[in-house]
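As structure tokens, the structure follows; a few thoughts come after it.
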Amino acid sequence: MTKTLVDIPIIDFEPFLSGDAEARQAVARQIYHACHEIGFMYLNPGIPATLINNLFAQTKLFFDLPFDVKNKLAWVDKFSNRGYVGVERERLNPDKPGDLKEAFNVGKEVNPEEISKQDKSSLIMNQWPVGEDKFRQTVLEFYQACAEAADKICQAFAIALELPESFFADKHEEQNYTLRLLHYPPLEQVVKPGQVRAGEHSDYGSFTLLFQDEVGGLEVRTADGEWIAAPYIPGTVVVNTGDLMQQWTNHEFCSTKHRVMVPSDDRVKRSRYSVAFFCHPNNDAEIACIESCQGENRPPLYPPISAGDYLLSRLQATY
Ligand SMILES: O=C(O)CCC(=O)C(=O)O
Ligand SMILES: [Fe+2]
């Protein structure tokens, strides 16, 4: 395992994707240490660079659309958690002013015909800008590539914790994921005291894949309370474990605070784009302390909860 200057490990995931059982074990061991020690790592989970580049190009075009067009797709409720969120609408740190960012959330795309047939609470429609077919197509292709990567990462987490390989993948099979495009606009005005691009927070779900551009600003808080930079590293994706994974594993895997700061130099005048793929278990998955993460002197720290109830309670606090 290579340590970066900032102590966030860079792990070569290739042997997990194409190697034998031994090679997969070796990768899983590195992932265990990253999740246990800092909850952040850089991975190459096999998402093609051209797809990532296309997605960033489409993200820029989307945020360049007039506000009125974007606002027609406005995020309406935490049950769907989809659509457009304007600048300062969201506070990832509720004690601070609104975040200096705009966002667009997409969930699993469903066929409208399926809606009437099934319980509609789990089948919620995405909102798309009219006439932007290339955008929709690229975003959905990217969503699928991330979902496939997430499936492999689930397997690696299970092996890392000596669980059956499909333990986490089975509980994520509904693809209850949120793909979030983010734009941090250039800042000309003086920001409010304490205002940042994204407030200090930990992610709610099981884990997140985070794609960023080279503008930077992402910072991660280490166990001793120091903020360290998590810069863009070409060919890698930042992967971090979230609160629900921390709860599930009785803190064997940690969920680490992170934030996006306003640059103190000229980069403040540039837009920053990033894309987060938030992985969350199936709504009805029961999140109860994993057997191998508890013991006589290590009782479960949390009572069991359904993943769906947990997510709703967290979204409630953010908006
Ligand atoms: O934009 C980034 O780099 C981080 C965003 C983030 O942490 C989040 O949306 O949860
Ligand atoms: Fe985050």
Side-chain angles (χ1 to χ4, degrees), residues 4 6 8 34-35 38-43 52 55-56 59-60 62-63 75 78 81-94 96 98-107 139 142-143 146 150 153 177-187 195-222 227-234 236-246 253-263 267-268 270-280 310-311 314-315 317-319:
T4 58
V6 297
I8 298 174
C35 294
I38 187 159
F40 268 79
M41 68 198 108
Y42 290 97
L43 283 190
I52 299 172
L55 196 259
F56 272 84
T59 298
K60 178 171 186 326
F62 172 81
F63 287 115
W75 187 100
K78 58 185 184 300
N81 191 29
R82 291 170 197 222
Y84 175 72
V85 179
V87 177
E88 293 191 76
R89 166 78 172 79
E90 188 178 279
R91 296 157 193 263
L92 279 176
N93 179 346
K96 293 282 168 64
D99 293 341
L100 294 166
K101 67 176 190 218
E102 53 181 341
F104 182 67
N105 287 4
V106 173
V139 169
F142 188 80
Y143 186 98
C146 287
I153 294 169
Y177 304 147
T178 299
L179 174 62
R180 167 164 253 210
L181 312 180
L182 287 150
H183 173 221
Y184 301 88
L187 296 170
Q195 200 168 28
V196 294
R197 282 187 150 164
E200 164 185 344
H201 68 285
S202 48
D203 292 347
Y204 319 144
S206 35
F207 60 103
T208 307
L209 314 187
L210 184 66
F211 304 79
Q212 54 175 329
D213 65 15
E214 66 305 321
V215 174
L218 177 64
E219 294 184 353
V220 173
R221 201 175 70 188
T222 62
W227 286 98
I228 57 174
Y232 165 67
I233 300 182
T236 70
V237 177
V238 172
V239 176
N240 63 292
T241 35
D243 297 341
L244 202 53
M245 186 59 88
Q246 175 171 270
F253 284 2
C254 48
S255 179
T256 301
K257 294 258 200 258
H258 51 285
R259 64 185 184 188
V260 182
M261 297 304 278
V262 174
R267 288 169 308 156
V268 68
R270 285 172 63 186
S271 280
R272 175 179 191 268
Y273 296 93
S274 67
V275 176
F277 188 75
F278 297 107
C279 299
H280 202 268
Y310 181 84
L311 179 65
R314 295 299 303 268
L315 287 171
T318 305
Y319 287 92

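We use all heavy atoms of the structure for the numbers below, so side chains are in, but hydrogens, waters and symmetry mates are not. One-based numbering, in listed order, for ligands and for the atoms of each.
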Geometry only, no angles: is [X] polar-contacting ligand 1 at N/O separations under 3.5 Å?
X      : result
Arg180 : no
Arg272 : yes
Gln212 : no

Where on Asp203 is there a heavy atom closer than 4.0 Å to ligand 1, on the side chain, on the backbone, on both, or on neither?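 Near ligand 1, Asp203 shows its side chain, while the N, CA, C and O stay back.
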Region of Ser274 engaging ligand 1 - heavy atom pairs below 4.0 Å: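 Under 4.0 Å from ligand 1, Ser274 contributes side-chain atoms alone.
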Val260 heavy atoms, cut-off 4.0 Å: which ligand 1 atoms fall inside?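 Reading through ligand 1 atom by atom, the close ones are 1 (O), 2 (C), 3 (O), 4 (C).
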Close-contact set for ligand 1 against His258 heavy atoms, below 4.0 Å: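 Matching atoms, with element in brackets: 7 (O).
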Minimum heavy-atom distance between Ile153 and Phe207, given as atom pair plus value: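 In terms of heavy atoms, the two residues are closest at CG2-CE1, 3.7 Å.
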Considering non-hydrogen atoms only, spot the tightest contact between Tyr273 and Lys60 and give its length.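 Minimum heavy-atom separation between Tyr273 and Lys60: OH-CG, 3.5 Å.
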Atoms of the protein (N/O/S only) found under 2.8 Å from the Fe ion (ligand 2):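 Atoms qualifying: His201 NE2, Asp203 OD1, His258 NE2.
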With a 4.5 Å heavy-atom cut-off, do [X] and [Y] have their side chains touching?
X      : Y      : answer
Val238 : Ile8   : no
Leu181 : Leu55  : yes
Arg221 : Trp227 : yes
Met245 : Asp203 : no

I want to know whether Tyr143 and Phe277 have ring centres closer than 6.0 Å.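 That pair passes the under 6.0 Å test.
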Atom 5 (C) of ligand 1 [closest protein heavy-atom partner, distance rounded to 0.1 Å]: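 That would be Tyr184 OH, 3.6 Å.
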Tell me the protein heavy atom at minimum distance from atom 9 (O) of ligand 1, and give that distance in Å.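 Ranked first by proximity to atom 9 (O) of ligand 1 is Phe278 CZ, 3.6 Å.
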Is the side chain of [X] donor-acceptor paired with the backbone N or O of [Y] at a distance under 3.5 Å, no angle test?
X      : Y      : answer
Ser274 : Gln212 : no
Arg197 : His183 : no
Thr256 : Ile38  : yes

Consider only side-chain N and O atoms of Asn105 and Arg82, and report whether a donor and an acceptor are under 3.5 Å apart.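 Arg82 and Asn105 do not have a side-chain donor-acceptor pair below 3.5 Å.
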Mark the output for His201 as yes if a heavy-atom distance to ligand 1 is under 4.0 Å, and as no if none is.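 Per 4.0 Å heavy-atom rule, His201 contacts ligand 1.
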